[in-house]
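The structure displayed is predicted, hence computed values, not measured ones.
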Amino acid sequence: MPEAAADHYEVLASPEAEPAQFPLFSRWLHWVMAGLVVVMLFIGAGMMTSLGNYRFLVSVHKPLGVGVLALVVIRLVYRFTHRAPPLPCSMGRTERRAATASESLLYGLMVAQPLVGWAMVSASDTPFVLRGVHLPAIVPVNPELYSALRETHMVFGYALFLLFTMHMLAVLVHALVLRDGLLTRMALWRCPGSRPAGSDADQRVHAKARGGEH
C-alpha cells in the first residue's frame, strides 16, 4: 500500500473519523422519548376502553403530547447538527433504505400526532390548559373538522404503534441474533473503542479508493 494511502487509512479507521455512538445527549433523549411514546400509546388505548378514567387519562395525555412534540423538535435539531455513527455492514442497501424510511416516518408521526391532537382540542372549543397556561387554538372551532381530526388522530396512533413495534423488533433481531453492534449506536453505556461490526471493512474500501487517487 502506498504511503499516502496508508495515511488515509489511519485517518479513516480512527474512532474519531466515524463515531461509534450517537452523542450522549442524543442517546438519553432517544430513550426518554421511547418511554414517553410507550406511555402515550397505553394511555391512548386506555382512553378508548375506560370511560370511568377518561378525564384523568386526558389530563395526563395532553401534557405528555406537548412534551413529546417539544422533545422531538429538539432531537431533530440535534440530529441535523451532529454526525450519526455508521450503520453496520450486515445491513444491505435495501435494509438501510428501509431503516432510513422508517426512522423518517417515526419522526414525522411524533411531530404530526401531537399537532393533530392539539388541533382536535382547538376544533372542539375546549380550552387547552397546561399547568395553568392556556395554549392558543391552532384551528377554528368546527364540529366537522373535530370529527375528521379525531379519526386522523386515531389512525396516526395505530400507525405509530405499528411502526414503533416493528422498530423494536428489528433492533432485537440485530442485538440478539445478528449481534452486529446496531444497538451500540444508541446504548446508554459508553463504548469508546467499539465500532459497528464490519465498519473496518468499509473503511478499508474507502482507504483503497482514496489511495488510488495518488
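- The closest side-chain heavy-atom distance from Phe128 to Ser122 is not below 4.5 Å.
- The minimum heavy-atom distance linking Met33 with Val68 is given by the pair CE-O, 4.2 Å.
- Judged by distance alone, with hydrogens and angles left aside, the side-chain atoms of Trp31 form no donor-acceptor pair with the main-chain N or O of Ala187 at under 3.5 Å.
- The list of side-chain hydrogen bond (donor to acceptor under 3.5 Å, both in side chains) pairs with a residue in residues 131-144, not counting sequence neighbours, is empty.
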Mind running side-chain contact (heavy atoms from CB on, under 4.5 Å) on His30 and Phe22 for me, showing each step along the way? CA-CA 10 Å; His30 171 86; Phe22 283 98; over 6 Å; no
Checking side-chain contact (heavy atoms from CB on, under 4.5 Å) for the pair Val58/Arg55: CA distance, chi angles, key distance, verdict? CA-CA 5 Å; Val58 168; Arg55 288 182 178 275; 5.8 Å; no
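- Looking only at side-chain heavy atoms (C-beta outward), Leu183 and His174 stay at 4.5 Å or farther from each other.
- The two residues Arg27 and Trp189 make their nearest non-hydrogen contact at NH1-O, 3.5 Å.
- For the ring-ring contact (aromatic ring centres under 6.0 Å, His included) condition, the pairs that include at least one residue of residues 56-103, sequence neighbours left out, are Phe25-Tyr78, Tyr78-His82.
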Determine, stepwise, if the pair Arg185 / Gln21 fulfils side-chain contact (heavy atoms from CB on, under 4.5 Å). CA-CA 4 Å; Arg185 300 166 76 240; Gln21 297 179 288; 5.6 Å; no
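- Under the 4.5 Å side-chain criterion, counting only non-hydrogen atoms from C-beta, Tyr158 is not in contact with Leu162.
- Side-chain contact between Met91 and Leu182: present, with at least one pair of heavy atoms (C-beta onward) separated by less than 4.5 Å.
- Here the closest non-hydrogen pair linking Leu41 and Gly157 is CD2-O, 3.8 Å.
- Under the 3.5 Å distance criterion, the side-chain polar atoms of Arg96 are matched with a main-chain donor or acceptor of Pro88.
- For the pair Leu135 and Val121, the minimum side-chain heavy-atom distance is 4.5 Å or more.
- Counting only heavy atoms from C-beta outward, the side chains of Leu172 and Val177 never approach each other to under 4.5 Å.
- Ile138 approaches Leu115 most closely through the heavy-atom pair CD1-O, 3.7 Å.
- Side-chain heavy atoms closer than 4.5 Å link hydrophobic residues (I, L, V, M, F, W, Y) into clusters, and following such links, possibly through other members, connects Phe156 to Phe42.
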Give the intermediate values and the outcome of side-chain contact (heavy atoms from CB on, under 4.5 Å) for residues Lys62 and Leu130. CA-CA 8 Å; Lys62 288 181 180 180; Leu130 186 62; 5.7 Å; no
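- Note: Trp118 CH2 to Leu69 CG = 7.0 Å, rounded to the nearest 0.5 Å.
- The distance from the CD atom of Glu95 to the OG atom of Ser102 is 10.0 Å, given to the nearest 0.5 Å.
- There is a path of hydrophobic side-chain contacts, each under 4.5 Å, that joins Leu71 to Val133.
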